[in-house]
2 protein chains.
Amino acid sequence: MDTIDEAIIRCVMRNARSTYAEIGQAAGLSAPAAKRRLDRLVASGAIRGFTALVDPQALAWHTEAFVEVYCTGNPTPAQLRQALEDIPEVVEACTVSGAADAVLHMLARDITHLELAIQRVRATAPVDRTESVIVLSRLLNRPRL
Amino acid sequence: MDTIDEAIIRCVMRNARSTYAEIGQAAGLSAPAAKRRLDRLVASGAIRGFTALVDPQALAWHTEAFVEVYCTGNPTPAQLRQALEDIPEVVEACTVSGAADAVLHMLARDITHLELAIQRVRATAPVDRTESVIVLSRLLNRPRL
DNA sequence: GGTGAAAAACTCGATCG
DNA sequence: CGATCGAGTTTTTCACC
């Protein structure tokens, strides 16, 4: 992981569909060298994948929320992960410091759909209590870095 | 926006570097037709862009936090957005329901760097009080949908 | 939306700084 | 480690139906 790798990462974060020639130009490398570097970054896990940034509105998924989860007992992160990964409305989940055990970032078509999804979370994971904050408007959404 | 467009979106969300042939196969289209559809989705804004999912650990940005922001006065979302967009450590920001005015998702190299970034937020935006929750571990990070 | 052909880009060696 | 070269393959990108 050096400045060349960082340049490659910046390039594919800005546009994941860049050609190897473009990636190489951004990093000061030839196209084959850029491919080798990028392949290595993916293989090593530094780059987990490539995805499209979709406007949720376009998919009619209007409702977004942050949900603080308070658990019963002491579930391990692995247990929590397993319980949450089958609920597609949970797009992000972290264990956190403070009173709550985890914070979930959820996406749903509407409030009814969100409520249903939260009920599924409470049924699947060892959850004592949840506290939801509905997103009113999205101010910023930057790709990491 | 029909089921074909949705199939295309699912495909490029799973892998933004799919070839048009792969995208077409996922949607039941020929490669040129898939390209026309994808170009249209990008032009219409339904797809905002393509990015890489990077492991923050690999970039040595170990520290992640959710920061609830309580504002003084009644800043408009546009004012908040303007104040936050120059702070690169803020990767995501939403106005929310409840007591807090906004929730920030922040990324930093370490706790010291995070503290500095939060101070910048407090100096730049009309912030009365912040409440931070440090991320301990990332359980899930799915591309939207 | 499909087809087909031209142009561009990628892939994989080997070879040399 | 990376550049370059070259041949074979795949992908992209058109015009046209």
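Letters A, B, ... mirror the listed sequences (proteins, then strands); counts begin at 1. None of the values given here were measured: they were computed from a predicted structure.
In this structure the side chain of A:Asp2 reaches within 4.5 angstrom of the side chain of A:Arg37, judged on heavy atoms.
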All N/O donor-acceptor pairs, side-chain side in residues 106-115 of chain B, below 3.5 Å, sequence neighbours left out:
from, atom 1, to, atom 2, distance (Å)
B:Asp110, OD1, B:Thr112, N, 3.2
B:Asp110, OD1, B:His113, N, 2.8
B:His113, ND1, B:Arg109, N, 2.9
B:His113, NE2, B:Glu89, OE2, 2.7

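Projected onto DNA chain D by closest heavy-atom contact, A:Arg40 and A:Arg17 fall at different nucleotides, the more 5' of which corresponds to A:Arg40.
For B:Glu22, the side-chain hydrogen bond (donor to acceptor under 3.5 Å, both in side chains) criterion is met by no residue, not counting sequence neighbours. Take B:Asp101 and apply the salt bridge (charged side-chain N to carboxylate O under 4.0 Å, His left out) test, not counting sequence neighbours, and it matches no residue.
Sorted by first and then second residue, the pairs that involve residues 63-87 of chain A and meet ring pair (Phe, Tyr, Trp, His ring centres under 6.0 Å), not counting sequence neighbours, are A:Phe66-A:His105, A:Phe66-B:Phe66.
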task = Please assess B:Thr124 against B:Asp86 for the test side chain to side chain contact (heavy atoms under 4.5 Å, CB included), listing each intermediate value before the final yes or no.
result = CA-CA 9 Å; B:Thr124 311; B:Asp86 288 332; over 6 Å; no
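Results of the side-chain contact (heavy atoms from CB on, under 4.5 Å) test with A:Leu139 over B:Leu84, B:Leu104, B:Val90 single out B:Leu84 as the only residue that passes.
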Polar atom pairs between nucleotides 13-17 of chain D and protein, under 3.5 Å, N or O only, would you list them?
from, atom 1, to, atom 2, distance (Å)
D:dT13, OP2, B:Lys35, NZ, 3.3

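Residue B:Glu6 qualifies as enclosed at atom CD: its count of foreign heavy atoms under 6.0 Å is above 12.
Residues from residues 21-30 of chain A placing a heavy atom under 4.0 Å of any atom in DNA chain D, listed by number, are A:Gly28, A:Leu29, A:Ser30.
For A:Ile4, whose side chain is taken as the heavy atoms from C-beta onward, the closest listed nucleotide among D:dT12, C:dG1, D:dG2 is D:dG2.
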